[in-house]
Amino acid sequence: MSERSTTPDSDSPATNFVRELVEADVKAGKARGRVGTRFPPEPNGYLHIGHAKSICLNFGLAQKFGGTCNLRLDDTNPLAESEEYVRSIIEDVHWLGFDFGERLYFASDYFLQIYEWAEQLVRQGKAYVDDRGLEEIRSSRGNFYAVGQESPYRSRSIEENLDLLKRMRAGEFGDGERVLRAKIDMSSANQNMRDPVMYRIRHATHHRTGDTWCLYPMYDWAHGLCDAIENITHSVCTLEFEDHRPLYDWFLLTLGIEGDKKPQQIEFARLNLTYTVLSKRRLQQLVEEKLVSSWDDPRMPTLAGMRRRGFTPESIRKFCDQIGVSKREGTVEVQLLEFIQREDLNQRCRRAMGVLRPLKVTIENWPSDRTEYVELLNHPEYPERGTRRVPFSGTLFVEQDDFREVAPPKWYRLTPGQEVRLRGACLVTCKSVRKDADGKVVELRCEYDPNSWGGQAPDGRRVKGTLHWVSAAHAVDAEVRLYDRLFSTEYPMAGPEGTNWRNAVNQNSLEICPDAKLEASLASAPVLDRLQLERLGYFCVDRETTPERVVLNRTLELKDAWAKLEKKLGCP
RNA sequence: UCCGACGUCGUCUAAAGGCAGGACAAGGGACUUUGAAUCCCUGAAUCAUGGUUCGAAUCCAUGCGCCGGAACCA
């Protein structure tokens, strides 16, 4: 009978309480079974992974029940909002993979209708103009423990209220001189019901309506009305609006919008992620205070940042499916996000070789003018994705990290006298080391086994280490940017009293390798192209790439069993 | 001191009165021309107390804990 999915062992997402509520409404025939949702961001910042959760929920609901999901820009506060943000929001929703077709709306499109409803409320004796200033109104609202006091203007006549409201709209009053308030209950335990402000006066230019209005509706006043105008059936929002639901309902019901016409507000727990902050305000501070380079800095949890970092929209959606939707506030470990990205990138990305911090290797018994080509699989699990020819010569670069003059236990890589495999090419042994005046190793002198071409030991001897390499003469110069978590603590906002969250910013979240060397096939990789550099991680071509120099962002490292082992051996 | 929510492995999430399951993380092993991937294994939870019931994570009561709420922000 029930269609609840139980324990999905596939990637089919489990159901959630919102979906179940909607499903019950559909079955009960509410709104004749139609489902309408919306994603309503305020254009005052870039969208982040937390918004992705909401986008997936809302668009997912529409998809699941054959309904529609609108993108609505909630632009009721001209002081905070801008067109740049509108542009980025539209781009990011599209990139995430959701199509809202023609259903792109703006709260500001409804300003006239909302105003007319305000007049209706005044005529019903349910709203009044308060002449007092912000401080007076605030202090008369009471607090958690004390009820509020009624405004002396609360009992004005309907005629006077109507006149005043019209004059407010006409611009007769200055900012903050008067507000329109709903007449509800100053003694309500829910402070949202203590005659909330509906309209404030702001002589400000709106990015869409210009100077048409000097009256701007508050969120509580506008939101439910916008939902009603758009025939939203289920208005999904985050938990902090739970206390606002009685007000949401009051406005609608008082205006006579009820039954199937009245949208239902449902609240769910917003996303929190470890090692991350997810609040537009904090993200904006990171940008403004130059703690990151921009809203799309690859360390940012914004969709723009994650896109530039190399994350795929598919795997962000998958992440949103996997974390579920509930009313329990919690914090998802960022490792889950990383796991899902790696899982996706592993399947998707072609392999290539590149060296981040080059160390010169000379193969002494290799003829100096000889170049061979090795044919390497583009993807080890999918031979059908083809191969590429990679040039090999007697002067190579390997990773500085792959050489230790004194080898620790279990070291399978280069160290004097130890044989290693150069991926796809041959077995080599380090014979000697050259150092500069400071004692820094600047070159490895090696010999290769001519019978090992291809990388196979001729006598079946075990060679455990396999290293990536790039032929010096054929290498492409690149700058590679290595990113780490933006914050060095799991809960950046949870420091002891008085701690500044900015102190939790990871000072080493960006490391630049300016002299990286890539295999020749990467010379003309397009911006946003993703690939795996074997043994190093997943990378994405940055938009700052020029014809002279490739710039790569490291999306994520590969899992590193050696780093783990070394750590374990190093600190017992 | 008020109002509204929420308490299930370390984390997220299932179980709608009937076997507490999955994923990530952690630990161990196999395999390996990426110390990757893949495969196998292990440990790990119902906030507490009382009640209802043949049977409670689930219903009831009380307590405790945690989150949100006192913008002319959203």
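In what follows, every chain begins at residue 1, and chains take the letters A, B, ... in the order their sequences are listed.
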J.: Mind checking the C1' distance from B/U58 to B/C47? Whole angstroms is fine.
T.: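 Per the computed distance, 15 Å lies between those C1' atoms.
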J.: Using both distances under 3.5 Å as the test, list the Watson-Crick or G-U wobble partner of B/U52, or none.
T.: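 By the stated definition (distances under 3.5 Å), nothing pairs with B/U52.
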J.: Could you give the distance separating B/C9 and B/A23 at their C1' atoms, to the nearest angstrom?
T.: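 Approximately 12 Å lies between the C1' atom of B/A23 and that of B/C9.
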J.: Counting only distance, no hydrogens or angles, is the base of B/A74 paired donor-acceptor with the side chain of A/H244 under 3.5 Å?
T.: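 Counting by modelled atom types and ignoring angles, a donor-acceptor contact under 3.5 Å is found here.
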J.: When you compare B/A25 with B/C12, how far apart are their P atoms, in angstrom units rounded to a whole number?
T.: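 It comes out at 15 Å once rounded to the nearest Å.
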J.: To the nearest angstrom, how far is A/I137 atom CD1 from B/C72 atom P?
T.: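 Taking CD1 of A/I137 and P of B/C72, I get 7 Å after rounding.
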J.: Considering the options A/L422, A/V463, A/V420, which one meets the side chain to side chain contact (heavy atoms under 4.5 Å, CB included) requirement together with A/L427?
T.: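 Checked A/L422, A/V463, A/V420 against A/L427; only one passes side chain to side chain contact (heavy atoms under 4.5 Å, CB included): A/V463.
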J.: Taking the basic N atoms (NZ, or NE/NH1/NH2) and the acidic carboxylate oxygens, is any pair closer than 4.0 Å for A/E519 and A/R388?
T.: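 Yes, A/E519 and A/R388 are salt-bridged.
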J.: C1' atom, B/A48 versus B/G28: distance in rounded Å?
T.: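 Nearest-Å result for B/A48 against B/G28 at atom C1': 36 Å.
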J.: A/F339 has a side chain; which of B/C24, B/A74, B/G35 sits nearest to it?
T.: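 Looking only at heavy atoms from C-beta outward on A/F339, the closest nucleotide is B/C24.
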J.: Looking at B/G35, B/G69, B/A37, which one has an atom nearest to any side-chain atom of A/E381?
T.: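 Nearest listed nucleotide: B/A37.
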J.: If you measure from the Lys or Arg side-chain nitrogens to the Asp or Glu carboxylate oxygens, is any gap between A/R208 and A/E83 under 4.0 Å?
T.: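 Salt bridge: no.
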J.: NA contact type, A/M218, heavy-atom cut-off 4.0 Å: base, sugar-phosphate, or nothing?
T.: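 Here A/M218 touches the backbone only, sparing every base.
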J.: Of all the choices, B/C72, B/G4, B/C73, which nucleotide is nearest to the side chain of A/E242 once you look at every atom?
T.: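 In terms of side-chain proximity for A/E242, the closest of B/C72, B/G4, B/C73 is B/G4.
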J.: With heavy atoms under 4.0 Å as the rule, sort A/R202 into base, sugar-phosphate or nothing.
T.: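 Counting heavy atoms under 4.0 Å across all strands, the contact made by A/R202 is with sugar-phosphate only.
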J.: How far, in whole Å, is B/G7 from B/U13 if one measures between their P atoms?
T.: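 Nearest-Å result for B/U13 against B/G7 at atom P: 9 Å.
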J.: Among B/U34, B/A70, B/A74, which nucleotide has an atom closest to any side-chain atom of A/P380?
T.: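 Among B/U34, B/A70, B/A74, the one nearest the side chain of A/P380 is B/U34.
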J.: To the nearest Å, how far apart are A/N143 CG and B/G69 P?
T.: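 For the pair A/N143 CG and B/G69 P, the rounded distance is 15 Å.
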J.: Which one is paired to B/C6, where only Watson-Crick or G-U wobble pairs with both distances under 3.5 angstrom count?
T.: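 B/C6 is paired with B/G65.
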J.: Please report the distance, rounded to the nearest Å, between CD in A/E566 and P in B/G35.
T.: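 One finds 14 Å between P of B/G35 and CD of A/E566, rounded.
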J.: Check every strand shown and say whether A/L558 touches a base, only sugar-phosphate, or nothing at a heavy-atom separation below 4.0 Å.
T.: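 Base: the residue A/L558, judged by heavy atoms under 4.0 Å, touches a nucleobase.
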J.: What's A/V179 touching, base or sugar-phosphate or nothing? Going by heavy atoms closer than 4.0 Å.
T.: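 If one applies the 4.0 Å heavy-atom cut-off, A/V179 turns out to touch a base.
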J.: What's A/E338 touching, base or sugar-phosphate or nothing? Going by heavy atoms closer than 4.0 Å.
T.: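 Here A/E338 touches no strand at all.
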J.: Which base sits across from B/C31 as a Watson-Crick or G-U pair, both distances under 3.5 Å?
T.: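 Paired with no nucleotide.
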J.: Considering only atom C1', compute the distance from B/U62 to B/C24 and round it to an integer number of Å.
T.: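 Here B/U62 and B/C24 have their C1' atoms 37 Å from each other.
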J.: For nucleotides B/C54 and B/A26, find the distance between their P atoms and express it as a whole number of Å.
T.: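 To the nearest whole Å, 47 Å.
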J.: Side chain of A/D243 only, heavy atoms from C-beta on: which candidate in B/G28, B/G69, B/C2 is closest?
T.: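 For A/D243, the side-chain atoms sit closest to B/G69.
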J.: Output the single nucleotide from B/G28, B/G35, B/A74 whose closest atom is nearest the side chain of A/K568.
T.: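 For the A/K568 side chain, the nearest candidate turns out to be B/G28.
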J.: Could you check which of B/C72, B/C67, B/U34 has an atom nearest any side-chain atom of A/E329?
T.: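 My answer, after comparing the listed nucleotides, is B/C67.
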J.: Testing A/R141, A/R178, A/R181 for salt bridge (charged side-chain N to carboxylate O under 4.0 Å, His left out) with A/D130, which one passes?
T.: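 With A/D130 as partner, A/R141, A/R178, A/R181 yield a single salt bridge (charged side-chain N to carboxylate O under 4.0 Å, His left out), made by A/R181.
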J.: For the pair A/H244 and A/F241, name the ring-plane relationship: parallel under 30°, tilted 30 to 60°, perpendicular over 60°.
T.: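 The arrangement is perpendicular - the two ring planes meet at more than 60°.
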J.: Quick test of your reading of the model: are A/K183 and A/D195 salt-bridged, counting only N-O distances below 4.0 Å?
T.: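 Between A/D195 and A/K183 there is no salt bridge, as every charged N stays at least 4.0 Å from the carboxylate O atoms.
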J.: For the base of B/G35, is there a side-chain donor-acceptor partner from A/R413 under 3.5 Å away?
T.: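 Yes, a donor-acceptor pair under 3.5 Å.
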J.: Does A/K564 place a side-chain N or O at less than 4.0 Å from the phosphate oxygens OP1/OP2 of B/G27?
T.: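 True: A/K564 side-chain N/O within range (under 4.0 Å) of B/G27 OP1/OP2.
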J.: Choosing from B/G35, B/A5, B/C72, which nucleotide comes nearest the side chain of A/R200?
T.: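 Closest nucleotide among those given: B/C72.
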J.: Counting only Watson-Crick pairs (N1-N3 plus N6-O4 or O6-N4) and G-U wobbles (N1-O2, O6-N3), all under 3.5 Å, who is the partner of B/U11?
T.: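 Paired with B/U11, as far as the under-3.5 Å criterion goes, is B/A23.
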J.: With a 3.5 Å cut-off and heavy atoms only, can you find an N or O donor on one side and an acceptor on the other between the side chain of A/Q532 and the base of B/U34?
T.: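 Between B/U34 and A/Q532, which were checked side chain against base, a qualifying N/O pair under 3.5 Å is present.
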J.: Do you know which of A/R461, A/R462, A/K464 makes salt bridge (charged side-chain N to carboxylate O under 4.0 Å, His left out) with A/E419?
T.: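 Going through the options one by one, the only one that passes is A/R461.
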J.: Under 4.0 Å, heavy atoms only, any strand: does A/Q347 hit a base, just the sugar-phosphate, or nothing?
T.: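 No contact.
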J.: Using atom C1' of each nucleotide, how far apart are B/A14 and B/G50 to the nearest Å?
T.: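 Pairwise C1' distance, B/A14 against B/G50, rounds to 28 Å.
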J.: With sugar-phosphate meaning primed atoms plus P, OP1 and OP2, does A/R181 contact a base, only sugar-phosphate, or nothing at under 4.0 Å between heavy atoms?
T.: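 The answer is nothing, as A/R181 stays clear of every strand by at least 4.0 Å.
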J.: If I take atom CZ in residue A/R421 and atom C1' in nucleotide B/U32, what distance separates them, rounded to the nearest angstrom?
T.: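 Answer to the nearest Å: 9 Å.
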J.: State, to 0.1 Å, how close A/P43 and A/L73 come at their nearest heavy-atom pair, and which atoms those are.
T.: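 Residues A/P43 and A/L73, closest heavy atoms: CB-CD1, 4.0 Å.
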J.: Of the candidate nucleotides B/A36, B/A70, B/C73, which contains the atom at the shortest distance from the side chain of A/N77?
T.: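 Nearest nucleotide to the side chain: B/C73.
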J.: Measure from the side chain of A/E333, starting at C-beta and using heavy atoms only, and say which of B/C72, B/G35, B/U11 lies closest.
T.: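 Closest of the options to the side chain of A/E333: B/U11.
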